[in-house]
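Taking it in order: structure first as structure tokens, then the write-up.
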Number of protein chains: 2
Amino acid sequence: MTNPNDFENFQFKKNDTVSLRQFVYQEIREAIIKGHLEPGARLREVEISKQMNVSRGPIREAIRILEQEGLVISHPYRETVVVDLSEEEVIHLLVPTRRNFELFAAQKAVSVLTGEDFAYLDSIILNMQEASNHDDLDRLSDLDLKFHERIVERCVSPAMFRIWNSISGKLHARFLIQGYSHSSLQTVVEEHREMLQLIRSGDKERIEQHLKTHIK
Amino acid sequence: MTNPNDFENFQFKKNDTVSLRQFVYQEIREAIIKGHLEPGARLREVEISKQMNVSRGPIREAIRILEQEGLVISHPYRETVVVDLSEEEVIHLLVPTRRNFELFAAQKAVSVLTGEDFAYLDSIILNMQEASNHDDLDRLSDLDLKFHERIVERCVSPAMFRIWNSISGKLHARFLIQGYSHSSLQTVVEEHREMLQLIRSGDKERIEQHLKTHIK
DNA sequence: TCAAAACATATTGTTGACAATCTACAATCG
DNA sequence: CGATTGTAGATTGTCAACAATATGTTTTGA
């Protein structure tokens with residue numbers, strides 16, 4: 001910083017402060033998805049209000065989002081609790097639906113992903129490899145989510161992204177609680193590596209095939 | 001009502017008064033789905049507040065639900081508008097996803113629907129026939145929605161029902177604006193009649209076939 | 001004793017006032 | 001002029017007080 005010209009390039013940090021309801025929503029959602037709030041756990045507005053030092057307004061708005069997202073259910077004038085999903089619905093509804101989205105997104109990805117996107121996805125795969133080496137299931141699961149999140153977010157409208165998010169969130173919560181049934185973590189890493197390779201190659205046919213065989 | 005015994009059977013109407021946010025949510029949603037609010041239309045909280053004579057609190061909560069549902073999009077401190085969906089997403093995402101749900105629901109329906117449900121569905125089909133005879137597209141479309149709504153609601157968890165609702169709502173809005181592309185309204189009625197018949201018969205194989213051929 | 005009514009408490013639902021932010025436009029300064 | 005800075009109005013975000021409702025407990029009365 002001795003050269004005065006360096007000041008030309010100086011930039012202030014972008015203000016990432018979001019609305020309180022966004023903050024509250026993210027906090028509660030993460031707690032549910034990471035299993036800190038288990039199915040059946042009760043959410044009390046005033047309790048959250050005190051803990052987060054936020055009035056009930058934003059908290060109620062966040063709860064409405066979570067409810068529509070299907071992570072939480074409210075009983076009027078009584079209580080709101082974290083939902084529990086049936087095995088059957090997870091397998092026969094959530095999984096196929098999620099695959100629809102990822103198939104659609106992966107095919108679009110061929111023409112919409114930029115170099116920046118690929119760099120990001122590459123770095124995720126590197127991290128996945130490391131997580132796999134350390135048998136770090138939590139981290140691998142988190143990276144898996146981020147990988148698909150990036151692709152879907154870039155290839156789909158905000159409205160559709162919300163739906164994908166609500167589906168993948170529920171699946172994520174489920175698998176973290178139950179534990180992966182994968183034969184090996186290494187397989188997960190490999191599958192993602194192949195997927196990304198296929199998108200780069202632009203072969204939409206093989207993308208479809210790949211997604212249909214690796215049902216997870 | 002001359003016979004005193006008739007009073008034995010008297011029942012007061014169930015209090016359907018729901019929360020204000022529910023009311024506001026339903027009103028806005030219907031306006032969007034029925035095309036009274038077109039894509040791009042702006043939703044102003046104070047304006048709605050005055051029109052409905054409700055404070056902004058419940059209105060904001062309703063908007064959060066609609067946003068998560070994907071019917072509306074909010075730009076912080078700026079505005080919230082009715083969303084517009086791309087043709088591509090409707091065809092390649094919404095339609096297949098909706099079919100997933102209805103396939104799952106129809107198969108479960110075989111073992112969960114009661115006589116009361118069938119009576120309700122029968123009556124819908126009767127009304128559909130009438131709407132078809134009168135070329136009443138709006139009404140037919142409405143009945144179509146109610147038909148599937150009943151089946152899905154009975155066969156799926158509340159959390160999943162919300163997702164189905166958000167998908168079918170968007171499709172409904174879309175088709176009402178664009179107009180049906182069906183060759184004939186009568187076909188729609190017939191397809192629903194057959195579907196119901198198949199559920200009654202309990203033949204899950206043919207249910208799957210039927211849904212896969214009638215893609216609409 | 002026991003069923004029904006009254007009450008107490010906890011919690012969610014609603015409201016109106018105030019704060020923060022965005023946009024567009026006017027004022028300022030080179 | 002042209003670009004930047006200030007200002008005004010509209011709109012959304014947040015808050016704290018109050019209202020309504022559900023549930024469990026106590027009281028009442030036959």
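Letters go in sequence order (proteins before strands), and every chain restarts at 1. Not measured: the values here are computed from a predicted model.
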Ignoring hydrogens and angles, does a donor from either the side chain of B/R78 or the base of D/dG13 sit under 3.5 Å from an acceptor on the other? no

Separation of A/H75 atom NE2 from D/dA22 atom P, in whole Å? 13 Å

5'-most contact on DNA chain D: A/P76 or B/P76, nearest heavy atom basis? B/P76

Sorted by number, the residues of residues 63-73 of chain B with heavy-atom contact under 4.0 Å to DNA chain C: none

In plain terms, say whether A/K146 and A/E149 are close enough for a salt bridge, that is, a side-chain N and a carboxylate O under 4.0 Å apart. no

Please determine whether a side-chain nitrogen of the Lys or Arg among A/E88 and B/K108 lies less than 4.0 Å from a carboxylate oxygen of the Asp or Glu. yes

Between C/dT14 (C1') and A/I59 (CD1): distance, integer Å: 16 Å

Heavy atoms only: give me the nearest B/S157-A/L85 pair and the separation to one decimal. OG-CD2, 4.1 Å

Separation of D/dG13 P from A/Y25 OH (nearest whole Å): 16 Å

Quickly, which of A/E27, A/Q22, A/R29 forms a side chain to side chain donor-acceptor pair (under 3.5 Å) with A/Y25? Name it, please. A/R29

Which atom names give the shortest non-hydrogen contact between A/R200 and A/D122, and what distance separates them? NH2-OD2, 2.7 Å

Take A/R56 and A/Q22, find for each the nucleotide of DNA chain D with the closest heavy atom, and name the residue whose nucleotide sits nearer the 5' end. A/Q22

Would you say A/I124 and A/H148 make side-chain contact, with heavy atoms under 4.5 Å? no

Measuring from A/S74:OG to B/R21:CZ, what's the distance to the nearest 0.5 Å? 6.0 Å

Check the distance between C/dA19's P and B/Y77's OH and give it to me in whole angstrom. 13 Å

Strictly below 4.0 Å, heavy-atom distances to any atom of DNA chain D: list the hits from residues 41-52 of chain B, or just say none. B/R42, B/L43, B/R44, B/E45

Touch check for B/G57, heavy atoms < 4.0 angstrom, all strands: base, sugar-phosphate only, or nothing? base

Any side-chain N or O of A/R60 below 4.0 angstrom from OP1/OP2 of C/dG13? yes

Distance in angstrom units between A/E79 CD and D/dG24 C1', rounded: 14 Å

Just to be sure I understand the rule, does B/R21 reach a base, reach only the sugar-phosphate, or reach nothing, if contact means heavy atoms closer than 4.0 Å? sugar-phosphate

Do the non-hydrogen side-chain atoms of A/L113 and A/L121 ever get within less than 4.5 Å of each other? yes

When rounded to the nearest 0.5 angstrom, what is the spacing between CD1 in A/I199 and NZ in A/K204? 11.5 Å

